[in-house]
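Presented below is the structure to which this report refers.
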Amino acid sequence: MKKQQVVVLLASLLILSACAIVYELLISTVSTYLLGSSVLHFSITIGLFLSFLGVGAYLSRYLTGSLLPKFILIEFVLALAGGYSAAVLYIANAWFPNYYLLLFGVIAVIGALAGMEIPLVTRLLEKEGSLRDVISRVLAFDYLGALAASLAFPLLMLPLLGSMRAAFFTGLINWSVAAMNLWVFRDQLPRPRILIGSAAVGLFALAGGFIYSFQLVSFADALHYQDQVVLRKQTPYQKLVVTRWNDDLRLYINGNLQFSSVDEYRYHEALVHIPMLAVQRRSDVLVLGGGDGLALREILKYPDVRQVDVVDLDAGMVELARINPLFTQLNQGALDDPRVRLIYEDAFNYVKNCSKRYNVILIDLPDPSEPALGKLYSTAFYRMVRQICAADGVAVTQSTAPFLARAAFWCIHQTMSEAFEQVLPYQAYVPSFGLWGFQLAVPNKTPPAELQSRIQSNLLAFVPDLRFLTVQNIPSCFVFDKDTAPLEVPVNTLETMQLVRLYEASYIQFH
């Protein structure tokens, strides 16, 4: 084998290894988008993928004779399977009754084909040096490719292309490697016409998928969302989808409903006004999350608010809500108010490094469906929040559904109680979500009855433009019936992440 051909095979392995890692990350990401629980789906995908890499490596022993055409054909097939993996998972999730069976099949095909690569390349290069040298070079290039993919996928491919187009793009790269080997080794192939035909079919299918990926995404979204999709955006952190039906505008993040314009005011009034009315001073307010600007809209109704710091990790979400008319009509341009300071940072790190004290702290973050979010509901996090809360201030967090996720709700209550002198649970009915819960945390010994009385009297004195909260219904927000009464549950720490398990258990039970 010529030196140039050796270089081509090693370079091919580097690129193919990168493609395999991207397929693995794509399958995990799509499964998380569709079904939540990133830990579960990344674990399943990585475990099965590694297992089928081993299956493929074992099966490669049965490939004999001329190995080059088999290697090239495998890559053409792998390019198609990997390129269409995201589209298949998206569409089949709506049509196929057992998603996990399909997921298993996709991983099995891609993993087994990818597992044949290293053994075949090693056998092709076995005459080019000692076995020790060949294996060391093959594995070195394989691991370098894995590193490149693990960096490129989250930083470039997913935010720029989205999951489905990234899959087709990776498939085309995979196809290009196979085509390059077809050209370089054309004189050594016994039946090149079969491979040329495979290349033509693969190129047509992958290029077509890439070109029409937006139409495929629209088709897949139409299967997943009942209403018309009017906007979709992939940020470095999440997939945003906005749907509309008549006057009902809905935001979904990674497939999970965030708000409906028909009743979002009920959620945001409960989240914002109960803590804002519970204090006498509200000059400095901190919002953790809330990138849609809807909570901010309510905060800015208070004329004595001097500054609001909005901390959100996803600048893409905030900028969309700041400039897109679909959002600005709802948030009333709150994100452009001169009293607002936008900070693009992880909430945990911001609170950890913050030296400022706030009168009101609003924590409007996604549900604790994974450890990355679970840490924002931990004892460590709430103790840091307590440090930056003024002595006469309050902090509030959304706390999932006290009926559907009862154990998780009371776990958040118990966890927050580890950091604050007292925590008052309350709830509000939001038709799009059902009964929804919150925790009002106070760093002093003010009696609960006095807090409720203060909220009511301040509402009478201030009388903001509210559609849901009234002096009459505020007391009912603090009442829990037998179905939502307190439970004995553990607190959530960074080490145990008990809350994530409790939340996942409730999610499985009711979904």
Side-chain angles (χ1 to χ4, degrees), residues 20-53 55-56 77-78 80-114 153 157-158 161-168 170-171 209 213 215-227 229 232 234 237-241 243 250 252-258 366-373 404-405 500-511:
I21 293 295
V22 171
Y23 295 144
E24 185 178 355
L25 293 171
L26 275 166
I27 292 169
S28 305
T29 301
V30 169
S31 297
T32 300
Y33 284 174
L34 296 174
L35 299 174
S37 185
S38 62
V39 172
L40 172 66
H41 292 109
F42 273 84
S43 298
I44 288 175
T45 303
I46 291 171
L48 287 176
F49 200 84
L50 289 174
S51 298
F52 280 101
L53 285 176
V55 171
V77 176
L78 179 57
L80 275 174
Y84 273 88
S85 59
V88 167
L89 292 175
Y90 269 120
I91 295 171
N93 181 56
W95 284 346
F96 199 67
N98 192 325
Y99 177 84
Y100 287 103
L101 182 61
L102 179 73
L103 176 67
F104 182 89
V106 171
I107 295 173
V109 171
I110 295 176
L113 292 173
F153 179 76
M157 297 182 70
L158 190 59
L161 298 174
S163 55
M164 195 175 296
R165 210 165 210 210
F168 286 119
T170 307
S213 57
Q215 287 83 348
L216 283 171
V217 169
S218 298
F219 178 67
D221 285 343
L223 296 175
H224 288 284
Y225 303 102
Q226 295 180 349
D227 304 328
V229 175
R232 64 177 62 86
Q234 176 70 58
Y237 303 101
Q238 52 201 0
K239 180 183 178 181
L240 312 175
V241 172
T243 67
R250 298 187 172 212
Y252 295 84
I253 295 181
N254 293 345
N256 299 312
L257 179 64
Q258 302 302 301
D367 284 351
S369 58
E370 55 185 81
L373 294 168
L404 296 179
V500 177
R501 285 189 280 274
L502 292 172
Y503 181 83
E504 286 184 344
S506 65
Y507 186 92
I508 293 170
Q509 178 182 357
F510 289 100
H511 293 78

(message) Considering only residues two or more places apart or on different chains, which pairs with a residue in residues 99-110 satisfy side-chain hydrogen bond (donor to acceptor under 3.5 Å, both in side chains)?
(response) S31-Y99, H41-Y100

(message) With rounding to the nearest 0.5 angstrom, report the CE to CD distance, M164 to Q234.
(response) 11.5 Å

(request) With sequence neighbours left out, write down each residue that passes ring-ring contact (aromatic ring centres under 6.0 Å, His included) with Y252, or none if nothing qualifies. (result) Y225

(message) Working to the nearest 0.5 angstrom, can you tell me the gap between E24 CD and L48 CG?
(response) 10.0 Å

(request) Please list, chain by chain and in numerical order, all residues satisfying side chain to side chain donor-acceptor pair (under 3.5 Å) with T32, sequence neighbours excluded. (result) none

(request) Measure across A167 and L26 and return the closest heavy-atom pair with its distance rounded to 0.1 Å. (result) CA-CD1, 3.5 Å

(request) Output all residues satisfying ring-ring contact (aromatic ring centres under 6.0 Å, His included) with F49, sequence neighbours left out; order by chain, then residue number. (result) none

(message) Could you work out, with side-chain contact (heavy atoms from CB on, under 4.5 Å) as the rule, every residue matching V500, not counting sequence neighbours?
(response) P371, M497, E504

(request) Determine the minimum heavy-atom distance between S506 and L404, stating which atoms define it. (result) CB-O, 3.4 Å

(message) Give me the atom names and distance for the closest heavy-atom approach of S85 to V106.
(response) CB-CG1, 4.0 Å

(request) Name all residues meeting the side chain to side chain donor-acceptor pair (under 3.5 Å) criterion together with T29; count only those two or more places apart in sequence or in a different chain, and write none if there are none. (result) none

(message) According to side chain to side chain donor-acceptor pair (under 3.5 Å), who are the partners of S213, at least two apart in sequence or on a separate chain?
(response) R165

(request) List for me each residue that meets side-chain contact (heavy atoms from CB on, under 4.5 Å) alongside L25, sequence neighbours excluded, and say none if there are none. (result) I21, F42, F153

(request) Work out which heavy atom in T45 is nearest to a heavy atom in I107; give both atom names and the distance. (result) CA-CD1, 3.9 Å

(message) Tell me the closest heavy-atom pair linking L161 and A166, and the distance in Å.
(response) CB-N, 3.8 Å

(request) Could you tell me which residues satisfy salt bridge (charged side-chain N to carboxylate O under 4.0 Å, His left out) with R250, sequence neighbours excluded, listed by chain and number? (result) D248

(message) Let's go through I27 and I110 carefully: what are the C-alpha distance in whole Å and the side-chain angles of both, what is the deciding distance for side-chain contact (heavy atoms from CB on, under 4.5 Å) to 0.1 Å, and is it a yes or a no?
(response) CA-CA 10 Å; I27 292 169; I110 295 176; 4.0 Å; yes

(message) Among residues at least two apart in sequence or on other chains, which ones pass side-chain contact (heavy atoms from CB on, under 4.5 Å) with S369?
(response) L373, Y503

(request) Only counting residues at least two apart or in another chain, list the ones meeting side-chain contact (heavy atoms from CB on, under 4.5 Å) with L80. (result) Y84, A205, L206

(request) Mind checking side chain to side chain donor-acceptor pair (under 3.5 Å) for Q238 and listing every partner two or more places apart, or none if nothing turns up? (result) D314

(request) Report the distance from atom CD of Q258 to atom CG of D367, rounding to the nearest 0.5 Å. (result) 8.0 Å

